[in-house]
Amino acid sequence: MSEIRVLSPATVANVVCGFDCLGFALSAPCDEMIVRIIERKIVRIVNRDDFNLPTKPEKNVAGAALLSMLRAIDADFGFEVEITKHIKPGSGIGSSSASAAGAVVAANKLLNERFSRLELVEFAMDGEKVASGDRHADNVAPCIFGGFTLVRSLNPLDVVTLDFPPLFVTIIHPQIEIKTSEARKMLPAQVSLKDAIRQWSNVGALVSGLQKGDYELISRALEDFIVEPVRKILIPKFDEIKNESLKGGALGGGISGSGPSIFMLSETLETAQKIEKVMREIYEQTTIDFNIYVSEINSEGVKFVN
Ligand code: ADP
């Protein structure tokens, strides 16, 4: 095996009440990546798109993740990685995570699956650090494990994979920039015990609803009392999108990652497509460009396409 080709999916993190812990993988969009072993002890990045992302490995999340992996095995070889991004950086749907996760999953295949998925999440987190300044796993975990995941703890890393019923996602990505660092600054330093109780009750209920396939419980549990109220002002038409989507039959949803994307979950593809129309009509009244994706939750994560 001389090279491995993968499709690495977009992901939604900060799933409503599950800020910094709950995430899931989408079926589309995906980045395309090819990883090869090379003789030189370096990581070489070849960007095949127009996003002008760094080619220095330590500045590119894919490169940083692969460097971390090479250090762990004290390798006498290196990797070349070719990246064709379809997930726009800064979209809030895990653009950097797709690169970090795709790179390490593909490289691990070339190394005869030497590392567990949990270990791959650790390497991918070293990649994520380049994009956001800290190691976090709420996007790379669902990207690597597929489906819905809960990151119970970062240190030691503990990723819980969740059962879930068929779910469809509609995501609108308004083409405005929200810096993750700015969105972080808006977070409250403290939360009241009352809000904390409401929040963790919803996380428990959401996990149970997913497990049982109880769509009504999932819908009731999709409430966020802590982050959404302060961050939603960054996203034009947020309330209208949410209210009209709920009226249109969506189960619920909220800000994807740190925005600006907004996602809504639905029980059927038909409803998810109806929500696409609802979102489109609302954003067509603005001057902001946007993309909308309708996708099933992807239970596989990074996919091999050789
Ligand atoms: P998203 O909001 O879609 O999750 P992020 O904010 O996580 O996107 O990541 C985007 C940031 O990461 C940008 O500053 C970008 O320059 C940087 N970055 C470095 N390498 C990559 C890469 N391979 N793919 C995407 N972003 C990268």
Side-chain angles (χ1 to χ4, degrees), residues 6-15 19-20 22-26 28-35 43-69 79-107 123-144 151 169 171-186 227 231 234-235 254-263 290-291 293 295 302:
V6 293
L7 289 177
S8 193
T11 45
V12 169
N14 294 342
V15 181
F19 183 71
D20 263 2
L22 271 180
F24 59 80
L26 298 172
C30 293
D31 287 350
E32 297 173 56
M33 304 177 74
I34 303 171
V35 179
V43 172
R44 190 184 302 134
I45 307 278
V46 183
N47 290 319
R48 296 263 182 240
D49 50 54
D50 300 326
F51 292 119
N52 275 323
L53 288 167
T55 49
K56 275 201 177 142
E58 55 288 351
K59 295 264 182 275
N60 188 303
V61 293
L66 290 174
L67 286 170
S68 170
M69 187 183 233
F79 291 115
E80 177 178 86
V81 54
E82 246 183 85
I83 311 175
T84 312
K85 289 200 81 69
H86 300 285
I87 312 168
K88 198 171 172 197
S91 53
I93 52 172
S95 175
S96 55
S97 316
S99 288
V104 295
V105 169
F123 298 133
M125 283 164 70
D126 288 334
E128 282 285 59
K129 191 164 183 235
V130 170
S132 61
D134 61 359
R135 296 178 87 244
H136 61 100
D138 44 345
N139 287 102
V140 289
C143 203
I144 289 173
V151 181
V169 194
I171 296 201
I172 180 162
H173 172 209
Q175 310 283 306
I176 55 170
E177 193 188 355
I178 294 182
K179 290 214 157 58
T180 306
S181 53
E182 293 300 314
R184 281 260 154 205
K185 276 188 212 147
M186 303 185 83
V227 179
R231 277 192 173 172
L234 296 173
I235 307 172
I255 303 169
S256 178
S258 51
S261 293
I262 308 169
F263 76 97
F290 60 90
N291 290 324
Y293 305 99
S295 155
V302 179

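For ligands, and for the atoms within them, numbers begin at 1 and follow the listed sequence.
- At distances below 3.5 Å, at least one donor-acceptor pair connects side-chain atoms of N14 with backbone N or O atoms of G257.
- A donor-acceptor pair under 3.5 Å is absent between the side-chain atoms of S295 and the main chain of V169, judged by distance alone.
- No side-chain donor-acceptor contact under 3.5 Å links S8 to the backbone of D31.
- Side-chain contact, D134 with H136: no donor N or O sits under 3.5 Å from an acceptor N or O.
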Show the short N or O contacts, below 3.5 Å, that ligand 1 makes with protein N or O atoms; if there are none, say 'none'.
from	atom 1	to	atom 2	distance (Å)
ligand 1	2 (O)	G92	N	2.9
ligand 1	3 (O)	S91	N	3.1
ligand 1	3 (O)	S91	OG	3.1
ligand 1	3 (O)	G92	N	3.0
ligand 1	3 (O)	S95	N	3.1
ligand 1	4 (O)	G94	N	3.2
ligand 1	4 (O)	S95	N	3.4
ligand 1	7 (O)	S96	OG	2.5
ligand 1	8 (O)	G90	N	3.1
ligand 1	9 (O)	S96	OG	3.4
ligand 1	20 (N)	V61	N	3.1
ligand 1	23 (N)	N60	OD1	2.9
ligand 1	23 (N)	S99	OG	3.0
ligand 1	24 (N)	K85	NZ	3.2
ligand 1	24 (N)	S99	OG	3.3

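- With hydrogens and angles disregarded, a donor-acceptor distance shorter than 3.5 Å links the side chain of N47 to the backbone of L53.
- Side-chain contact between I172 and S261 is absent, with no heavy atoms from C-beta onward closer than 4.5 Å.
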